[in-house]
Amino acid sequence: MMKVVTGVVGNDIHVVANRLIDISLQERGFEVFNLGVNTYLEEFIDAVIETDAKVLLISSLNGEAEGWCRDLSLLKSQYELEGVVFMIGGNLSVGEDNPDVIIPKFKRYGFDLVFHQSDLGIGLDTLEAYLKEHV
Amino acid sequence: MMKVVTGVVGNDIHVVANRLIDISLQERGFEVFNLGVNTYLEEFIDAVIETDAKVLLISSLNGEAEGWCRDLSLLKSQYELEGVVFMIGGNLSVGEDNPDVIIPKFKRYGFDLVFHQSDLGIGLDTLEAYLKEHV
Amino acid sequence: MSLLQRDRDIIVSNEYVDHFDFDEVESFIRGASKNLFISHAFKNNKGKTLVQPRGGFPTYDKVFALYKEFKAANVDVLPLTIDSNTRLNDYAMAKKMLALSEENDVNMLNGYPLVNQGYRTTRKMMVHYDTPVSLRHGTPDARLLIEMALASGIFEIEGGPLTYLLPYSKNFPLDKAFLYWKYVERVCALYSTLNEPINRESFGPLSATLQPPAIVIVIQIIEMLLSLEEGVKSFSVSFSQTGSVMQDIVTANVLKKLSRHYAKQFGYGDAQIHLVYHQWMGAFPRNKNRSDSLITTATVIAAMVEADKIITKTRDEAFGIPTKEANAQAVDCVQYTLAMLRGVPKISDEAEEENLTLQVNEILEALFNDSADTLWRKAFNAIKAGYIEIPFSPHIINANEVITVRDDEGSIRIYNKGKLPLSERSFAFDRDKIRIPEGHSVVDKIIHDIGVML
Amino acid sequence: MSLLQRDRDIIVSNEYVDHFDFDEVESFIRGASKNLFISHAFKNNKGKTLVQPRGGFPTYDKVFALYKEFKAANVDVLPLTIDSNTRLNDYAMAKKMLALSEENDVNMLNGYPLVNQGYRTTRKMMVHYDTPVSLRHGTPDARLLIEMALASGIFEIEGGPLTYLLPYSKNFPLDKAFLYWKYVERVCALYSTLNEPINRESFGPLSATLQPPAIVIVIQIIEMLLSLEEGVKSFSVSFSQTGSVMQDIVTANVLKKLSRHYAKQFGYGDAQIHLVYHQWMGAFPRNKNRSDSLITTATVIAAMVEADKIITKTRDEAFGIPTKEANAQAVDCVQYTLAMLRGVPKISDEAEEENLTLQVNEILEALFNDSADTLWRKAFNAIKAGYIEIPFSPHIINANEVITVRDDEGSIRIYNKGKLPLSERSFAFDRDKIRIPEGHSVVDKIIHDIGVML
Ligand code: B12
Ligand code: B12
């Protein structure tokens, strides 16, 4: 079973999507390590290393993703994280914002898959397709 | 007492404003000849001549004013109507339209005072000011 | 050839009408898709309030585009609103304005000139959309218009001799209106035997201005009975948002109860009677977001009164004929609101309902007691005598004595009963609730009460 | 110096706080304009539902501009929403993000970092607008924050040890939250003696996701009692739109009745208790016109439940922090709707209200029977034991056994009661109304029921 670490990043306590993501990932056959809400980037990285997960799926709903994720490349360079798929989704900016601006921005921060205000099902379909191709 | 002929032009049966206009004109000291709704331009002109009114105040609400009023200049040229103030107001076009287009248009048709979707009180204040100046 | 058919031949022989082929029309209706019949939708939509906007443009293409927009917004019933020249049978003017509209791509008419457009053309659109269409006109003499409508595949006809005359005409003779509508009812009844029934709908909003529920209900019941008398089997009574939630609920409850009661009493217990709720029909605010709020509020009330159909307004109402986008947006939001509303309570107010029932029965009793031989003549006499009249009618026959204002709860109350045959008791119930603020005249109060949604 | 004052001195001695001058603050509050006190507005607005939006931006100027927009829309109560770093007492991060926001004119915080901004600055704005302001935060340890708020002229403080912890925190210790909130209550009580009372408000929406009314009411009553115990004299209980009109009405009726009942029973009959209604707090549709419909529908319900205050959402809800224009538009439309609504019926449902009263009393009885010596310890034990828990809490102390779903009328019902001390009878009343559609799992049903407004 492929291992996924998931959770909600930063000082964000929106838990509803997190519960649904947990269920959906399990239904799709992943082994899920759900760190829940209010999880910092370092904690995510630690968990990925500890569990040897192949996917890190981060949610952010309260608009503060950018502040908490801009250091991802830095962390990636400090740890052995080859082959891990970095994915983020939810509501990635404060206020209404254009996906055409947001998605490239988060890709630059080091995410492979970025979903701003998009459907969970489509996001997970894309993840599975991506995994088939790249892993 | 200054005489005013009023009514609603064409195949228009919106009577509520007409009743209020009647009352308001009387309150302002005019002698009112109210032809009511569904009155044709010729009927208005006849009434002005018959009563020797100084003001013709036409309402139109259902958007069809233009079709019924475009011949005003023609009628004005056929009858002795010097010194009569021609006024129109209400909702002068079908659909939403720009007053900056509508007002000049109706002035071209021969109206001295044109009010599109404007307040009755302001319209009648303007009429009184106009009368003071011109009559 | 029946008498009716002779009349029909004359009616359709009009310089503005191409050859009218009755046989072809009959076979079209006989074979028409069930989806064109609102009577069919009422049967199969138990519980769901059908949503119908208003709308009509002069040209075929614009109506076609409008319907497309409505369908995308999940409309249940399409409207075909007729322009006001056609309403007054002024087909010459309608023709001229239609030509201007087509040439200059500008709307010189406030609706669709169905007679000038003809049924062959119009039917194409109806068959294409395969959705019930409701004819909205306001025509006292609608004989030719409804022949055109039915031949086009429009199987709901709104109006009636009183509701399309008192608010919509200045001096069209009332007795003629009764006879012309008898013709309409008969044609509708005739066609009702071919396929699903044609639905007739009365226009309860009337002049949409401070209409007392008792008069609205009386007029609804009269038009319903006149229609059922001629063999119509599917009928909708209607009223519009009064401005008081409680008065809407009371009106709906009494209207439902009494329309069914009188239909049965007169021997038409087999007819289907539906309730239609019109969103606020009076003056709209000149702020489009507030208009949206008014539209949603009306939708919540429609759900509370369990209307079978709701007729929508738009955020453009105060400005002019709405754009198709604004119109469709309203349909979408009304559908959303109806679908999202859950656990809507069933409400009633016994004292109010009892008094309203009393008022309606009192007026109807006076009418039924008239010595004339037919119902329409009794109704005609009642109106002439001022036993029935509506506030703010432009029509010369209307007595114009009744005065209504709102009480502190917003309910429309009878201040001056004119010649309405109301008992002291039922009148006092209304009158005692009125409070004219100190220093205000009744006229001030009326003006204030007209503008209650501004 | 009192014990409390010693604590206060420590609290405000913080590297992120300029010198805090208690004497100056006291004299400010003593002389503050009555218009800053919502408790004053409640007294003088008998009958009118006060309208309060949500909103906050990182910078002073943006909040100032937001308030200006709100005032133009005729707002009754201004909000000050705090960013989520400040909520978690992470003033360092808030400071960093505030600096970034100011430099780049971009909002790097989802609210106003009041502690970093300081009371001297913030008060200028409050005095300028001279309108009641409500502090919206979600902070378990709000001691410093509320010192700042009160010193700024913000005289309504939302929250409580349970309502700002269970939905808002993952592992902040509950016992500490109780103690920190005790501090808040005491400071509020202290300042309440100087001028008009400071109003405290509980946060009834909780996690805004399938919250059963019994739990909401229990938590409202506990927080109210904890507050009144410390001397607070003006308190608002609240709840959010459930998704069923009837359930909203029942919840409001029982919440009003029982909060007053328990306040009296505990000897605080002199306190003013108000009812606050939150417009739909769950997931909003991603269609702004539909969001407007949802907002208006909620407003109609607020009028039906006779809320003393309504807290509004915006058409931008599904997308992100609203623009000030969208936010003010909602205020304007809500004010319009409240003013235009007339004749709103007073409704109740005896059987529902009886059972809800029973459920609340059962849970509270179990809590009161706990052997601990203080109310907060009893409450603490009740939560630890799972006698009280909320669905969809991120907090580790929450039992997470209770499962709720909607019945066919949209009412939220308890499907699995976990350790809630409900009698068989009161639980069966709920449980028996649930129908899981064939072929669906409970999880399917929950997901469906979360998205009921989409
Ligand atoms: C009530 C109403 C009706 C009632 C009328 C009952 C009656 N006999 O009076 C009923 C339901 C019967 C009706 C019918 C129709 N109506 Co109508 N109706 C309205 C409505 C909702 C309110 C009108 C009203 O009474 N307002 C209250 C009075 C006091 O205000 P007012 O009329 O606006 O007048 C004020 C000002 O305009 C001004 N004013 C008026 N005249 C003048 C003159 C001067 C000189 C000045 C200075 C000011 C002034 O002062 C008045 C007082 O403040 C309006 C929309 C709206 N405004 O919200 C549509 C509206 C006027 N109707 C409209 C239409 C099209 C019709 C119909 C053709 C049906 C249709 N296609 O939908 C038929 C008319 C048939 C016909 N032959 O004309 C359109 C007109 C479209 C346009 N201009 O683009 C409107 C704007 C609705 C819409 N948006 O589509 N209607
Ligand atoms: C319920 C709710 C709350 C509850 C949360 C309870 C809880 N503990 O979970 C409460 C009331 C407590 C709350 C608090 C706050 N909230 Co809130 N909340 C909401 C609300 C209304 C619904 C969220 C929800 O549960 N949706 C249902 C779930 C199932 O949907 P979802 O979360 O959108 O997730 C879906 C998708 O995003 C996607 N998805 C999520 N993650 C991922 C990941 C991947 C990889 C993919 C592919 C997809 C995906 O799949 C999910 C299922 O469809 C939203 C607005 C909305 N959406 O309508 C605001 C919202 C998320 N909240 C917001 C804010 C700002 C806050 C607060 C800071 C308070 C404030 N300032 O108003 C605090 C948060 C404090 C903190 N420390 O974070 C903002 C975020 C602003 C922004 N992004 O610009 C929103 C958008 C509201 C708004 N417009 O202002 N909130």
Side-chain angles (χ1 to χ4, degrees), chain C residues 73 241-251 280 284-285 287-301 303-304 315 325-326 328-349 352 406-412 449 451-454, chain D residues 73 241-251 280 284-285 287-301 303-304 315 325-326 328-349 352 406-412 449 451-454:
Chain C
Q241 187 177 358
T242 60
S244 153
V245 181
M246 201 62 216
Q247 191 163 41
D248 285 343
I249 291 165
V250 167
T251 302
W280 180 248
F284 254 66
N287 171 316
K288 297 192 178 192
N289 297 318
R290 292 185 179 185
S291 293
D292 284 342
S293 298
L294 178 49
I295 286 169
T296 300
T297 301
T299 309
V300 176
I301 299 172
M304 288 170 70
R315 60 190 347 248
E325 291 78 16
Q329 184 207 304
V331 170
D332 179 75
C333 284
V334 169
Q335 291 286 25
Y336 169 74
T337 304
L338 290 173
M340 153 276 264
L341 271 171
R342 289 177 178 79
V344 179
K346 180 106 199 74
I347 305 164
S348 61
D349 182 317
E352 289 284 350
R406 295 183 184 279
D407 67 16
D408 290 348
E409 291 289 291
S411 290
I412 300 163
D449 289 349
V452 85
M453 293 301 181
L454 299 184
Chain D
Q241 188 177 0
T242 60
S244 153
V245 181
M246 201 63 216
Q247 192 163 40
D248 285 342
I249 291 165
V250 168
T251 303
W280 180 248
F284 254 67
N287 171 316
K288 297 192 180 194
N289 297 319
R290 292 184 180 184
S291 293
D292 284 342
S293 298
L294 178 49
I295 286 168
T296 300
T297 301
T299 309
V300 175
I301 299 171
M304 288 170 69
R315 57 189 351 245
E325 291 77 16
Q329 184 206 303
V331 170
D332 179 74
C333 284
V334 169
Q335 290 286 26
Y336 169 74
T337 304
L338 290 173
M340 152 277 265
L341 271 171
R342 289 176 179 80
V344 179
K346 180 104 202 74
I347 306 166
S348 60
D349 181 317
E352 289 284 351
R406 295 183 185 278
D407 68 15
D408 290 349
E409 291 289 290
S411 290
I412 300 162
D449 288 349
V452 86
M453 293 301 180
L454 300 183

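Computation of the quantities below employed the complete heavy-atom set of this structure, encompassing side-chain atoms and omitting hydrogens, waters and symmetry-equivalent molecules. Reminder, nothing fancy here: chain letters follow the sequence lines and each chain counts from 1.
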Shortest non-hydrogen pair, D:P345 vs C:M246, comes out as CB-SD, 3.4 Å

Smallest heavy-atom separation, D:E409 atom then C:R342 atom, equals O-CB, 3.2 Å

Assert top hit (heavy-atom pairs under 4.5 Å, partner chain D, pool C:I249, C:T337, C:N289) equals C:N289

Applying a strict 4.5 Å limit to non-hydrogen atoms, the region of D:I295 in contact with chain C is neither

When the 4.5 angstrom heavy-atom criterion is applied to D:D248 and chain C, the contacting part is neither

To the nearest 0.5 Å, atom CG of D:D292 lies from atom CZ of C:R315 at 7.5 Å

Bottom line for D:L294: the part with an atom under 4.5 Å from chain C's heavy atoms is both

Note: vs chain D, highest number of non-hydrogen pairs under 4.5 angstrom among C:R406, C:Q247, C:R290 is C:R290

Turns out that what part of D:Q329 lies under 4.5 Å from chain C's heavy atoms comes down to side chain

Counting heavy-atom pairs under 4.5 angstrom with chain C, the leader among D:S411, D:A339, D:C333 is D:C333

From the list D:I301, D:T296, D:T297, side-chain contact (heavy atoms from CB on, under 4.5 Å) with C:V300 holds only for D:T297

The interface call for C:N287 against chain D, heavy-atom contacts under 4.5 Å, is side chain

Of all heavy-atom pairs linking C:S244 and D:G343, the shortest is OG-CA, 3.8 Å

Given D:G410, D:P285, D:S293, the one with more heavy-atom pairs under 4.5 angstrom with chain C than any other is D:S293

